Amino acid sequence: MNDAYSIDSHKLTYHPARVTQLLDVGDDWEKAKTVYPIYVEVSPVGACNHRCTFCAVDYIGYKSVSLDFEIFKGRLNEMGQLGIKSIMYAGEGEPLMHKKINEIVLATHQAGIDISFTTNATAMDKKFIESSLPFTKWIKVSLNAGTADTYAKIHQTKERDFDKVIENMKRAAKFKRDNGIQCVLGIQTLLLPENSEEIAELARLCRDEMFADYLVVKPYSQHAFSNTRVYENIDYSNYLALEKQLESFNSDNFQVVFRKNTIKKHMMDEKLRYTKCNSTPFLWGYVMADGAVYGCSAYLLDDRFQYGNLHDLSFKEIWQGEKRKKNFHFVKDELDIKDCRKNCRMDEANRYLFALQEDLVPHVNFI
């Protein structure tokens, strides 16, 4: 299937200067401390209005905390100047529940940083669509069923939320068309035993009713700290045939991205994986709703990966600070990635960087 947005791959090849900077670091912290992230995930709020059965961060507890807008606005200006290119607003809570989310979007745009959202879209109201859609590169809606009944069971919410999401997406798509806005509107679903029979219907809804640009179908990945273990041992070999079935929904304006590459990696022997993480603590970061900055979203609340707090320090002070220095040496010399989340967000980037550093491809000079 087509994957115009490289969702099942990576985009590091479009950032050669930053990759070169990283490869030049070696064991030198003085070089490492000035390699800033390309991408940062930010959680505006800790609270969430759903309790999805698959939630990776259920262990955090959906706390009613939120980023201080005035402080964060100043940090955004600094982050843009330091070379951070993109922020995805998502996190341990529902990002659209922040009372000043539209002001956050505007401030991010003014800082020269690309904006995206992962959201359940229940709170995607008229004000957000009209104020923030024009500044947003893409929105990916978590919609994990093709019927209201299954949706309510998986998202652990009311059935009416299913229809609310569809209506909100229709409204966003119409506003986008009417105003010539370039924001890409996507849907993402985790392939689970409960919804596997409804993926085709979900694809139809995405294409014909919500007028989405794409539907992503991806496998579940067990988070090491999650309370939930219901889906830990899913055998995805039983679902590979879905790819062919879903191809019929592709059109000039819509595509299904069936993440076969990620599914196959899910089934691979662990020894085929890279042996160390090269993305942390360099190319990405995570900001929790309480302002804490982490080097990896798979280790939230793990003090070894926490570098400081935006409510107390500037981003530069955090990124060049002693806690990140300590994490730099820990990840390089001690971290056993067998303890890491399989198919993590940086998995494809890590495979690319590992191949570059370990000379996995022979005769590279014969271009």
Side-chain angles (χ1 to χ4, degrees), residues 5 7 11 37-50 52 55-57 60 62-80 82 84-143 165 168-169 172 176 181-188 213 216 283-298 300 309-311 315 345-346:
Y5 306 103
I7 292 170
K11 303 184 185 79
I38 297 170
Y39 156 84
V40 176
E41 183 173 337
V42 174
S43 179
V45 296
C48 188
N49 56 347
H50 287 182
C52 299
C55 183
V57 290
I60 294 175
Y62 313 105
K63 298 174 182 177
S64 296
V65 294
S66 60
L67 288 173
D68 182 292
F69 170 66
E70 293 301 329
I71 293 176
F72 187 56
K73 181 180 179 181
R75 303 296 186 241
L76 284 169
N77 289 329
E78 179 200 13
M79 290 163 74
L82 290 170
I84 291 170
K85 296 182 179 297
S86 68
I87 288 178
M88 180 177 76
Y89 290 109
E92 67 265 24
E94 166 48 48
L96 299 189
M97 291 176 64
H98 195 289
K99 293 179 180 179
K100 293 193 174 183
I101 193 60
N102 296 306
E103 290 90 338
I104 288 174
V105 169
L106 179 59
T108 310
H109 172 72
Q110 291 173 337
I113 300 172
D114 289 348
I115 302 158
S116 69
F117 279 88
T118 294
T119 171
N120 63 37
T122 55
M124 192 165 70
D125 58 16
K126 184 174 182 287
K127 183 178 180 182
F128 175 82
I129 291 170
E130 294 181 357
S131 299
S132 293
L133 221 62
F135 300 126
T136 302
K137 295 293 185 182
W138 55 261
I139 294 173
K140 192 180 295 177
V141 175
S142 179
L143 182 59
V165 172
N168 289 345
M169 285 294 287
K176 172 185 170 179
I181 292 169
Q182 298 302 309
C183 178
V184 173
L185 299 174
I187 305 290
Q188 177 173 279
D213 294 296
V216 176
L283 298 177
W284 75 315
Y286 186 103
V287 179
M288 291 188 70
D290 65 0
V293 177
Y294 284 79
C296 177
S297 66
L300 301 181
N309 194 296
L310 290 179
H311 291 158
F315 193 88
R345 194 178 297 281
M346 290 294 115

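Note that the structure is a prediction, hence the values are computed from the model and not measured.
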Could you give the side-chain donor-acceptor pairs of residues 107-124 under 3.5 Å, partners two or more places apart or in another chain?
residue, atom, partner, partner atom, Å
Thr108, OG1, Tyr89, OH, 2.6
Thr108, OG1, Ile104, O, 2.6
Thr119, OG1, Glu94, OE1, 3.3
Thr119, OG1, Glu94, OE2, 2.7
Thr119, OG1, Ala121, N, 2.8
Asn120, OD1, Thr122, N, 3.0
Asn120, OD1, Thr122, OG1, 2.7
Asn120, ND2, Asn49, OD1, 2.9
Asn120, ND2, Glu94, OE1, 3.4
Thr122, OG1, Asn49, ND2, 2.8

- Message: Once salt bridge (Lys or Arg N to Asp or Glu O under 4.0 Å) is applied, do any residues pair with Lys176, and if so which ones, sequence neighbours excluded?
- Response: Asp213

- Taking every non-hydrogen atom, the tightest pair across Val65 and Asp290: CG2-N, 4.2 Å

- Task: Side-chain contact test, heavy atoms from C-beta onward, threshold under 4.5 Å: evaluate it for Ile87 versus Val287 and give yes or no.
- Result: no

- Item | Those residues that, when tested against Ser132, pass side chain to side chain donor-acceptor pair (under 3.5 Å) (two or more places apart) | Asn102

- With Trp138 via side chain to side chain donor-acceptor pair (under 3.5 Å) - residues at least two apart: none

Go through the structure and list residues passing side chain to side chain contact (heavy atoms under 4.5 Å, CB included) with [X], not counting sequence neighbours.
| X | answer |
| --- | --- |
| Val45 | Ser66, Met97, His98 |
| Glu41 | Tyr39, Met88, Ala90, Tyr286, Arg345 |
| Glu78 | Arg75, Leu82, Ser314, Phe315, Lys316 |
| Lys85 | His15, Arg18, Ile38 |

- Among pairs that include at least one residue of residues 96-112, which meet salt bridge (charged side-chain N to carboxylate O under 4.0 Å, His left out), considering only residues two or more places apart or in two chains? none

- Got a sec, which pairs hit salt bridge (charged side-chain N to carboxylate O under 4.0 Å, His left out) with one end in residues 122-134, sequence neighbours left out? Lys126-Glu130

- Item | Check: Gln188/Ser142 side-chain N/O donor and acceptor closer than 3.5 Å | no

- Task: Identify, with sequence neighbours excluded, every residue that meets ring pair (Phe, Tyr, Trp, His ring centres under 6.0 Å) alongside Phe72.
- Result: none

- Task: Using ring pair (Phe, Tyr, Trp, His ring centres under 6.0 Å) as the criterion, list what pairs up with Tyr62, not counting sequence neighbours.
- Result: none

